[in-house]
Amino acid sequence: MPDLRRQVLESGKTVSRKAASREASRNNSPASSKPASRQGSRNTSRAPSDEEDSGFLSDETSMSIGSLDDENPEQDNPDWEHDLSQRIQEILDRKRSSVQGREDALQAFCRLTKYHYTVEEIHGAVPDLLAAFERSVRTEVSVREATLGLRAIELLAISAFDGTVYENTEPFLTRTIRDSTSPLVKTAAIHCLGACTIFGGAGEDGILEHMGYLLDIIASDGQSIDATDDPSIVTAALQQWGFLATEVDDFEEESEEAVQIFMDQLDSSDSNVQIAAGENIALLYEKSYTPQEEEEDEESTDLNEDSDEHEHDATSGPKLVKRYNAYHNTPELESQLQNLATIHGKQISKRDKKSLHSNFASILTTVGNPRRGPRYNTAINQNTNRHYGSTLTVKIGRHGVMAIDRWWKWVRLNALRRILQGGFSEHYFQGNRAVLNSLPVMMRMADQGHGSMDRQGARKAAKFRNARRWTTHQSDDEE
């Protein structure tokens with residue numbers, strides 16, 4: 001990955017005050033002082049919400065997620081395949097369409113593909129649909145049509161499992177991020193680029209390239225894409241950077257610079273920016289530990305780890321050992337995270353304060369011991385000043401509970417949750433390969449009073465999911 005700070009400073013681009021002060025302080029003193037006051041960030045307006053797509057631009061990353069179960073408005077629609085076919089025809093036929101008509105067709109397409117796994121229904125139509133969605137985005141006649149077009153591309157990418165999506169969307173998505181005059185469209189395009197990169201066949205080179213691109217946006221506070229200090233855009237870039245990073249195994253060379261850039265974002269006045277930056281830091285510390293190899297000597301991999309930490313190692317599976325330092329000054333970072341985990345102030349809303357406390361207590365726990373994943377209901381041990389808590393679990397539909405014991409799982413879950421929202425459990429149980437490949441984790445059944453009914457439903461859902469996955473793989477082999 002290129003040295004992004006050097007690129008930003010030497011390419012002639014305008015550099016934010018934060019980036020400039022960071023570079024100056026690094027050159028003049030080894031320990032930079034924090035600014036006395038936070039730099040304000042203007043809040044961006046949200047697009048008008050509607051019944052079906054409200055919230056798809058949400059940037060919330062609260063640790064308090066407890067369930068992905070949501071009422072499915074399509075559950076009792078036996079004609080959904082016909083409805084989807086009709087909407088696809090409307091989308092492809094633009095000759096006599098109006099802006100309102102295209103918005104309605106795109107909204108319906110998003111609703112149907114969100115609540116149904118449509119891999120068979122859209123087979124053969126992917127190139128034409130991508131071209132139609134691109135026209136809605138490129139013309140930008142209305143912000144709503146453009147954002148719905150980007151939303152439709154995301155859902156198509158996660159449903160189609162088509163390796164041509166990335167190559168057909170990447171140029172115009174990066175152009176949209178750079179040239180669009182709407183912050184909402186820029187934000188939606190950043191999220192869409194992340195989804196197409198992961199699910200559309202980008203490969204490792206494409207993933208690393210766009211991680212560098214997103215880190216450029218973050219390091220310049222959005223100035224590299226003419227969106228200075230826009231918190232929604234910076235948050236989107238942080239979230240998608242983390243999503244892409246979960247696909248990279250070795251991040252030793254880039255970790256130092258990335259952590260420093262994310263530390264700078266911890267000073268943001270927007271809690272979503274702070275939390276997204278903190279989660280990326282926790283992910284990078286987690287990546288600095290990997291499973292112990294069979295031939296490795298246990299003592300040689302200990303690296304002077306505190307034996308007390310081993311007693312409280314909460315991760316399951318093989319022993320994790322330290323491979324490198326994620327950042328050169330972990331005590332400085334821990335001090336900054338501690339301040340956010342206990343932050344107080346009248347200028348911060350109660351909701352933001354609660355979110356900052358819970359998220360950064362969990363993040364601080366991982367930085368202190370990267371063997372520890374996300375934690376829920378964290379508490380402070382007064383003797384050691386360490387944060388402890390139970391492993392985060394998430395309810396999937398009515399039948400399962402998923403343990404989120406690693407940060408890569410948490411980051412991927414949030415990315416899938418943002419794309420599929422209430423349709424996550426439908427895609428999971430119906431065997432969506434993109435979803436199953438992203439979260440290859442075991443689920444246990446929820447302990448509920450009406451256990452027999454739930455167990456029966458869970459068995460049926462699992463049987464259908466496995467059969468769907470096997471059938472789909474068989475068709476690939478036949479092709």
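Keep in mind that this is a model prediction, so the values were computed, not measured.
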Measuring only between side-chain heavy atoms, which start at C-beta, is Asn369 closer than 4.5 Å to Tyr285? no

Output for pair (Ile198 CD1, Ile158 CD1), nearest 0.5 Å, gives 10.5 Å

Requested in this report: Answer yes or no: does atom NZ of Lys353 have more than 12 heavy-atom neighbours from other residues, nucleotides or ligands under 6.0 Å?
Outcome: yes

Of Glu145, Arg144, Arg151, Arg102, the one forming a side chain to side chain donor-acceptor pair (under 3.5 Å) with Gln107 is Arg144

(request) Would you mind reporting whether Asn437 and Phe161 have side-chain heavy atoms less than 4.5 Å apart? (result) yes

- Query: Do Phe251 and Met211 touch side chain to side chain, with heavy atoms closer than 4.5 Å?
  - Reply: yes

> Does a side-chain heavy-atom distance below 4.5 Å link Ile419 with Phe199?
Replying inline: yes

Donor-acceptor list for residues 80-87 side chains, cut-off 3.5 Å, not counting sequence neighbours:
| from | atom 1 | to | atom 2 | distance (Å) |
| --- | --- | --- | --- | --- |
| Asp83 | OD2 | Asn77 | ND2 | 3.3 |
| Arg87 | NH1 | Glu90 | OE1 | 3.0 |

When Thr118, Thr113, Asn432 are each screened for side chain to side chain donor-acceptor pair (under 3.5 Å) with His427, the one that passes is Asn432

Residues at least two apart in sequence or cross-chain that pass side chain to side chain donor-acceptor pair (under 3.5 Å) with Ser180, listed by chain then number, are Glu140

Q | Heavy-atom side-chain proximity of Ile153 to Cys196 below 4.5 angstrom | A | yes

ask   = Would you call Glu247 and Arg412 a salt bridge, using N to O less than 4.0 angstrom?
value = yes

The side chain to side chain donor-acceptor pair (under 3.5 Å) partners of Glu134 (sequence neighbours excluded) come to Arg138

- Query: Do the side chains of Val248 and Leu208 get nearer than 4.5 Å, heavy atoms only?
  - Reply: yes

How are the rings of Trp410 and Trp407 set to each other: parallel, tilted or perpendicular (split at 30° and 60°)? perpendicular

Query raised in the report: Checking side-chain contact (heavy atoms from CB on, under 4.5 Å) for the pair Tyr166/Ile207: CA distance, chi angles, key distance, verdict?
Result: CA-CA 11 Å; Tyr166 173 77; Ile207 290 172; over 6 Å; no

So NZ of Lys350 and CG of Asp352: to nearest 0.5 Å the spacing works out to 13.0 Å

